[in-house]
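Beneath this line is the structure, given in structure tokens, with notes to follow.
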Amino acid sequence: MAKRIRVKDIFSAETNHQYTVMGWVRTFRNNQFIALNDGSCLANLQVVVDLDKIDNETIKRITTGAGISITGLLIESQGKGQTVELVAETIEILGDCDPETYPIQLKNRPSLEYLREIAHLRFRTNAFSAISRVKQTLFYGIHKFFNDRHFVNVHSPIITGSDAEGAGEMFQVTTLDVNNPPRNEDGSINYKEDFFGKATNLTVSGQLQAELAALALGRVYTFGPTFRAEKSNTTRHLAEFWMMEPEVAFNDLHDNMDLAEDMLKFLIQYALDNCKEDLAFLEQRLIDDEKTKPQAERSEMTLTEKLKFCLAEPFERLTYTEAIEILKNSTPNKKGKFQFPIEKWGADLQSEHERYLVEKHFKKPVILTNYPADIKAFYMRQDDPKEGVAGPTVSAMDILFPGIGEIIGGSQREERLDKLLKRMEEMHIPAEEMSWFLDTRRYGTVPHAGFGLGFERLVLFVTGMTNIRDVIPFPRYPGNAEF
RNA sequence: GCCCCCUUAGCUCAGUCGGUUAGAGCGACGGACUGUUAAUCCGCAGGUCCCAGGUUCAAGUCCUGGAGGGGGCGCCA
């Protein structure tokens, strides 16, 4: 066996040398040309089968999907369409693939919906492998961005004993016999007998733990799986997803916005720089897709145009109060086109309103800030009263992207113990259970801020996909935990 | 949780007003092919029209219920 090389690397390897490549057959043309893919890149290697050297039995077993090993001479391609090709000296079939039952005949153009049903095999498609590589680039880019800025990655717990995070419904974690749990005298379940000696859940956010670390290490971020037991049935929600949450001591809301905008722009640029081939493929996929749609529904920009557009200009920053004014006076609001008309300050913005602001009014990413305190979490910093603002607000920020809505939610945190305690009482958050969290405010409290990024939502945006279930290998959502 | 849409060959879909034996492309299979690029050409097979009821002389087509899938909304990242 000659030196083994990956397809990605063979394109720049020296010709007139022997190499061994291993991969899977994508197509076999003219009884002569194998398009070989090994997942290292989007492009296939053209393998030329020399009929004098390869026996008929082997050739018959070269079917779509088969795993094969080829040793041969790399030469400049004798045909158009590729620079080099490998002339096979020997071909070993590592794993046969029965074409009669193999569900991924790529020439069939299987739909994304169909591929979701065979998620265990969809890595073998160009689209899913491209998405996987872009995702890896973004994953690495996040660590690079924060490492370059001397952030410390903190592993917040996945199992949490805190049920006061307030970020949504939680999945319970227990080793108790659910059919016959130990009970207290009053009939309630006795969690003292459970594995951890108390009721526990899967985390909905690592933020509170990130705050503990930030108030000593200065700059930290968490990045890990997050679980929400909400019965959300949309193209933007998963029950299990990855969330990245930076938290920075001494940052205020404006520092927080700057960090988030810098990070998003860095990541988009990083993907553009490092995933040219995959993004070009995904872009073409979208263009082909759009051809089937009516003219009015087609997007004005291609994928890379859209990504570059996000880099070109500063995100639009405005307060909730300013947004309400824009929405109140907007044409759809006046014409009664909104399902939820904007009447007065204090209303929560629905996605139709966010979409109007991002996609129609500003036509670029928007950062909304200083939301009414009543519609935001207890830990957000309370603003000083301001003239022209109808009620109390907090230093919150939501970053809204076209097509996906909220990609980031964050805030400056309430660092003043008295104000925080008062707010917790108003919102019925049990302070006793949160004593460990409140210690940060008792001992050397300082201003700080952070945000949460839904990783799959970022991947959605960068890949131009429209359903979040297509950017995670094995999506978990209500009624589905297959594979 | 609410609203709308879809389910016909392995895949993607067509199927008119309810009317004879259910249609196409691609794939698969058989064959040809030593410069192909989703190769091409010739041939051939392939159907629980999602399921259960109902209406009708007659149901892929209409009605009711159910299942599965998709989209929108809510909740959020």
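Computed from a prediction, not measured in an experiment: that's the story for all the values here.
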Which part of the nucleic acid, if any, lies within reach of A/I407 when heavy atoms closer than 4.0 Å are counted: base, sugar-phosphate only, or nothing?
-> sugar-phosphate

Does a side chain donor of either A/H448 or A/E211 reach within less than 3.5 Å of an acceptor in the other side chain?
-> yes

So, does the side chain of A/Q78 form a donor-acceptor pair with the base of B/U36 at under 3.5 Å?
-> no

Inter-nucleotide P distance (B/C3, B/G65), Å rounded | 12 Å

Among B/G35, B/C73, B/G1, which is the nearest nucleotide to the side chain of A/F340?
-> B/C73

Which nucleotide, B/A77, B/C11, B/A38, lies nearest any side-chain atom of A/H237?
-> B/A77

Aromatic ring proximity, centroids under 6.0 angstrom, A/Y221 and A/H143 | yes

Mind checking the C1' distance from B/A45 to B/C50? Whole angstroms is fine.
-> 24 Å

Should A/F146 and A/F223 count as side-chain neighbours, where that means a heavy-atom distance under 4.5 Å?
-> no

Any side-chain donor near an acceptor of the partner, A/N333 and A/S330, under 3.5 Å = no

For this output row, return yes or no: ring centroids of A/F315 and A/F401 closer than 6.0 angstrom.
-> yes

Just checking, any donor-acceptor pair under 3.5 angstrom between side chains of A/N44 and A/N37?
-> yes

Considering only side-chain heavy atoms of A/F33, which listed nucleotide, B/A77, B/G35, B/C11, is closest?
-> B/G35

With rounding to whole Å, what would you report as the distance between B/A58 and B/G19 at their P atoms?
-> 14 Å

Rounded to whole angstroms, how far apart are CG on A/N37 and C1' on B/A38?
-> 14 Å

To the nearest Å, give me how far apart CD1 (A/I34) and C1' (B/U36) are.
-> 12 Å

From B/G10, B/G74, B/C76, nucleotide with atom closest to A/Q350 side chain = B/G74

Using a heavy-atom cut-off of under 4.0 Å over every strand shown, decide if A/E245 touches base, sugar-phosphate, or nothing.
-> nothing

What integer number of Å spans the P atoms of B/U40 and B/G27?
-> 7 Å

OP1 or OP2 of B/G74 less than 4.0 angstrom from a side-chain nitrogen or oxygen of A/Q339, does that happen here?
-> no

Assess the side chains of A/T160 and A/N201: does a donor N or O sit below 3.5 Å from an acceptor N or O?
-> no

May I ask you to check whether A/R413 and A/S411 show a side-chain donor-acceptor distance below 3.5 Å?
-> yes

Considering only the C1' atoms, how many Å lie between B/G25 and B/G46, rounded to the nearest integer?
-> 15 Å

Atom pairs and distances, donor-acceptor, side-chain atoms in residues 97-110 of chain A, under 3.5 Å, two or more places apart:
residue	atom	partner	partner atom	Å
A/D98	OD1	A/E100	N	3.0
A/Y102	OH	A/R124	NH1	3.3
A/Q105	NE2	A/P99	O	3.4

Taking atom C1' in both B/U8 and B/G69, what distance in whole Å separates the two?
-> 15 Å

Between A/F241 and A/P103, who's closer to the 5' end of RNA chain B by nearest nucleotide?
-> A/P103

Salt-bridged, A/E426 to A/R423, with N to O below 4.0 Å?
-> yes

Indicate yes or no: does A/E240 engage A/R228 in a salt bridge with an N to O separation below 4.0 Å.
-> no

Quickly work out the A/I142 CD1 to B/A77 P distance and round it to whole Å.
-> 16 Å

Could you work out which one of B/U12, B/C73, B/A77 sits closest to the side chain of A/M243?
-> B/A77

Quick test: give all pairs of protein nitrogen or oxygen and nucleotides 42-49 of chain B nitrogen or oxygen below 3.5 Å, distance rounded to 0.1 Å.
none

Pick base, sugar-phosphate or nothing for A/L106, based on heavy-atom distances below 4.0 Å to the nucleic acid.
-> nothing

A/S111 side-chain N/O to B/U12 phosphate OP1/OP2 under 4.0 Å = yes

Should A/D96 and A/R61 count as an ion pair when the cut-off is N to O under 4.0 Å?
-> yes

Rounded to whole angstroms, how far apart are CZ on A/R122 and P on B/C11?
-> 17 Å

Distance, rounded to the nearest Å, where A/L121 contributes CG and B/G10 contributes C1' = 14 Å

Can you find a side-chain donor-acceptor pair between A/R29 and A/T27 that sits under 3.5 Å?
-> yes

With a 4.0 Å cut-off on heavy atoms, is A/D52 in touch with a base, just the backbone sugar-phosphate, or nothing at all?
-> base

Between A/I404 (CD1) and B/C76 (P), how many Å, whole number?
-> 18 Å

Pairwise side-chain hydrogen bond (donor to acceptor under 3.5 Å, both in side chains) hits with a residue in residues 335-352 of chain A, at least two apart = A/T321-A/W345

With rounding to whole Å, what would you report as the distance between B/C63 and B/A22 at their P atoms?
-> 24 Å

Indicate for each nucleotide in nucleotides 65-72 of chain B, in 5' to 3' sequence, whether protein heavy atoms under 4.0 Å reach the base (B), only the sugar-phosphate (S), or nothing (-).
-> -----SSS

Between the side chains of A/S77 and A/E85, does any donor sit under 3.5 Å from an acceptor?
-> yes

When rounded to whole Å, the CD1 to P distance for the pair A/I468 and B/C76 reads 16 Å

Report the distance from atom CZ of A/F281 to atom P of B/A38, rounded to the nearest whole Å.
-> 12 Å

Quiz item: A/S232 side-chain donor-acceptor pair to B/C75 base, under 3.5 Å = yes

Counting only Watson-Crick and G-U wobble pairs with both atom distances below 3.5 Å, the stems of 3 or more consecutive pairs that include RNA chain B are B:1-7 with B:67-73, B:10-13 with B:23-26, B:29-32 with B:40-43, B:50-54 with B:62-66

Are A/H237 and A/Y477 an aromatic pair by the rule of ring centers under 6.0 Å?
-> no

Contact state string [nucleotides 27-33 of chain B, B base, S sugar-phosphate only, - no protein heavy atom under 4.0 Å] | SSS---B

If we take the P atom in both B/U36 and B/C41, what is their distance in whole Å?
-> 14 Å

Angle class for the A/Y320/A/Y371 ring planes (parallel below 30°, perpendicular above 60°, tilted otherwise)?
-> tilted

Answer with base, sugar-phosphate or nothing: what part of the nucleic acid does A/E406 contact at a heavy-atom distance below 4.0 Å?
-> sugar-phosphate

